[in-house]
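Below is one structure; the comments refer to it alone.
Side chains included, hydrogens not; waters and symmetry mates left out as well; all remaining heavy atoms used. What you see is a predicted model, and the numbers here were worked out from it, not measured in a lab. Note on naming: letters A, B, ... go to the chains in the order of the sequence lines (proteins, then strands), and numbering restarts at 1 for each one.
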Amino acid sequence: MSVVTRFAPSPTGMLHLGGARTALFNWLYARHHGGTFRLRLEDTDRKRSTPEAIAAIEGGLRWLGLDWDGEIVRQSERRQRHVEVAQALLASGGAYRCYCTPEELKAMRAEARAQGRAALYDGRWRDRDPADAPPGVDPVIRFRAPREGETIISDLVQRNIKIDNTALDDMVLLRADGTPTYMHSVVVDDHDMGITHAIRGDDHLTNAFRQTQLFRALGWEPPAYAHIPLIHGPDGAKLSKRHGAVAVGAYAELGILPAAMRNALLRLGWSHGDDEIIDTAQAIAWFDLDAVNRGAARFDMEKLQSLNGHYIRESADSDLLADVVQRLAVQHPAAATDQARRRVEALLPEAKARAKTLVELADNLSFLVCDRPLAMTPKAARLLGDDGSEARARLGRLRATLQDSAAWNESNLEEAVRGFVEDEDVKLGAIAQPLRAALTGSHASPGIFAVMAALGREETVARLADAGD
RNA sequence: GACCCCUUCGUCUAGAGGUUAGGACACCACUCUUUCAAGGUGGAGACACGGGUUCAAUUCCCGUAGGGGUCACCA
């Protein structure tokens, strides 16, 4: 039997880290087994489902590179089928009408709570004569859940877990307005879509018992379940907005590469020995559910950034260029010119090793597209010294040398500068730092010869002239 | 509160009935070096606690504590 997994978010908000990892695991599992990965929108709650959220989920998955198979299934469009199944169950006695009012249920829960019991529906309409139905009240359809014995789910991550059936109540299948609930829709859809493996967050664990009961009542076989632990914030609490960036879209803006994100998410709760850097092809080959942990993991931004630095270094310059130019152009319109683009391109190989994010990469290259005269950081200003300082005077002499030096390329420039310091009888360090300050406005930058080469003769000389002598 | 799950360095994790408890991020030092990174070398840093079982437990069992999840006509 071929594997069929699904990612089934409710489109009520952004695609967050937890959802992204759930999607990743489902995708990897399907790809590993040569199966199918489906996307299903659980939008049975029409009020809370929005087009923006749907766009965010699709966009997030695309950004992550998780492609789904076939059409997207919208649960709301399958309502007719869900209702039919519920009605059939009602007809066969597997479900019944419940006429409780919201107030009645609320009171029931409050009382159960006060007595130290779980807040469950007590089944008061389970066997009651329909003739007792109060007039003018639209009933809900409830599942007639087994009351004796226990329900066992064999979870691929959590092992076998059993629960006493008395801990579960008769859940609502159809609301008073006739619309199906999530709990019911999931069962029908998982069955109809032929889902073989339901990989989802830990928070669905108790749902699995109810859904398993419903599957059985319908005469269907439930999928294999795999409940993966939730992702927590740095403080150990459930990930939420107060932890800062939780939506995957935010990470794209922060300059995180999809490959790094995938690797980071993969290693949260899953491992393969001591391996840390795991690219997607390798992940597909290795991924399996038995290596998934059972404890919740905290999300570590530093580790993501470290991983991201690795993937930036591994990236082809051509894959980075457009993104970096675009980020630069936000602050510096000049970055959009061909000349600026060439400078960025020339220095990209050097700059790549120095950045953990694309934002940082763009920042580190911004001096290339800044207008003259360059603004100096305090440290850079100190390197240059006051007007008439020795450093400035020396830069002046260097400028004269460079003005009509041979071909303008990195190795020639290095030769020229090294020759110059020899003539001046100083160490390379004595000229390199002031030179860096004059050319970049900063005390730290990519290799100084590469910087000169990228800037070009004209701009280099002009910046040296700005530094004065 | 009831039910269910979890617990190895600060964080993510590997691990086996007998190991100097391994790796990664972060941290510190050294190194490389024109700076900053990256790289290299080294350092500090963990089996929550209490009982069992056993020749031997961090590993198996039971408790305790702590953490998490679920208890809707939300999903």
Is [X] salt-bridged to [Y], cutoff N-O under 4.0 Å?
X: D466(A); Y: R463(A); value: no
X: K303(A); Y: E276(A); value: yes
X: E390(A); Y: R397(A); value: yes
X: K352(A); Y: D317(A); value: yes

When the distance from [atom1] of [X] to [atom2] of [N] is rounded to whole Å, what number comes out?
X: N308(A); N: rC25(B); atom1: CG; atom2: P; value: 14 Å
X: M183(A); N: rA75(B); atom1: CE; atom2: C1'; value: 8 Å
X: L205(A); N: rC4(B); atom1: CG; atom2: P; value: 11 Å
X: E414(A); N: rU33(B); atom1: CD; atom2: C1'; value: 12 Å
X: D202(A); N: rG67(B); atom1: CG; atom2: P; value: 17 Å
X: K427(A); N: rU35(B); atom1: NZ; atom2: C1'; value: 16 Å
X: R354(A); N: rA37(B); atom1: CZ; atom2: C1'; value: 6 Å
X: R313(A); N: rC36(B); atom1: CZ; atom2: C1'; value: 14 Å

From C-beta outward on [X], which listed nucleotide comes closest to its side chain: [options]?
X: I448(A); options: rC3(B), rG68(B), rU34(B); answer: rU34(B)
X: A353(A); options: rA37(B), rA75(B), rU35(B); answer: rA37(B)
X: S10(A); options: rC73(B), rG69(B), rA75(B); answer: rA75(B)
X: A432(A); options: rC73(B), rU34(B), rU70(B); answer: rU34(B)
X: R418(A); options: rU70(B), rU34(B), rC71(B); answer: rU34(B)

So, does [X] use its side chain to make a donor-acceptor pair with the main chain of [Y] at under 3.5 Å?
X: S306(A); Y: E302(A); answer: no
X: W270(A); Y: F25(A); answer: no
X: Q433(A); Y: H443(A); answer: yes

[atom1] atoms of [N] and [M], separation to the nearest Å:
N: rU13(B); M: rG45(B); atom1: C1'; answer: 15 Å
N: rC30(B); M: rC12(B); atom1: C1'; answer: 27 Å
N: rC55(B); M: rG42(B); atom1: P; answer: 41 Å
N: rC4(B); M: rC49(B); atom1: P; answer: 26 Å
N: rA21(B); M: rU58(B); atom1: P; answer: 12 Å
N: rC60(B); M: rG18(B); atom1: P; answer: 11 Å
N: rA46(B); M: rU53(B); atom1: C1'; answer: 25 Å
N: rG63(B); M: rU7(B); atom1: P; answer: 16 Å

Side chains of N364(A) and S366(A): donor-acceptor distance under 3.5 Å anywhere?
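On atom types as modelled, these side chains do not qualify, holding no pair under 3.5 Å.
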
Is it the case that the side chains of N26(A) and H197(A) hold a donor-acceptor pair, with the cut-off being a distance below 3.5 Å and no angle test?
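There is no such pair (donor and acceptor under 3.5 Å, judged by atom type) between the side chains of H197(A) and N26(A).
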
With heavy atoms under 4.0 Å as the rule, sort [X] into base, sugar-phosphate or nothing.
X: S185(A); answer: nothing
X: L307(A); answer: nothing
X: F209(A); answer: nothing
X: H227(A); answer: nothing
X: V140(A); answer: base

Pair assignment for [N], Watson-Crick or G-U wobble, requiring both distances under 3.5 Å:
N: rU7(B); result: rA65(B)
N: rA72(B); result: none
N: rA38(B); result: none
N: rA57(B); result: none
N: rC27(B); result: rG43(B)

Protein-nucleic acid N or O pairs under 3.5 Å, nucleotides 12-14 of chain B:
| residue | atom | partner | partner atom | Å |
| --- | --- | --- | --- | --- |
| rC12(B) | OP1 | R298(A) | N | 3.1 |
| rC12(B) | O2' | R267(A) | O | 2.9 |
| rC12(B) | O2 | K303(A) | NZ | 3.2 |
| rU13(B) | OP1 | G269(A) | N | 2.6 |
| rU13(B) | O3' | S271(A) | OG | 3.2 |
| rA14(B) | OP1 | S271(A) | OG | 2.8 |

Would you indicate, yes or no, if rA38(B) has its OP1 or OP2 atom less than 4.0 angstrom from a side-chain nitrogen or oxygen of K356(A)?
yes

rC36(B) OP1/OP2 closer than 4.0 Å to side-chain N/O of S445(A)
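The answer is no; no side-chain N or O of S445(A) sits under 4.0 Å from OP1 or OP2.
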
Could you check whether R142(A) makes a cation-pi contact with Y121(A), meaning its NZ or CZ is under 6.0 Å from the centre of the six-membered ring and within 45° of the ring axis?
yes

Determine whether the aromatic ring centres of residues H184(A) and Y182(A) are separated by less than 6.0 angstrom.
no

Does Y96(A) have its ring centroid less than 6.0 Å away from the ring centroid of W125(A)?
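Not close enough - the centres of the two rings lie 6.0 Å or further apart.
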
Specify the residues of residues 99-115 of chain A, ordered by number, for which at least one heavy atom lies under 4.0 angstrom from an atom of RNA chain B.
C100(A), L105(A), R109(A), R113(A)

Need to verify one output field. Residue with the more 5' nearest nucleotide on RNA chain B, F449(A) or P11(A)?
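Of the two residues, F449(A) wins.
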
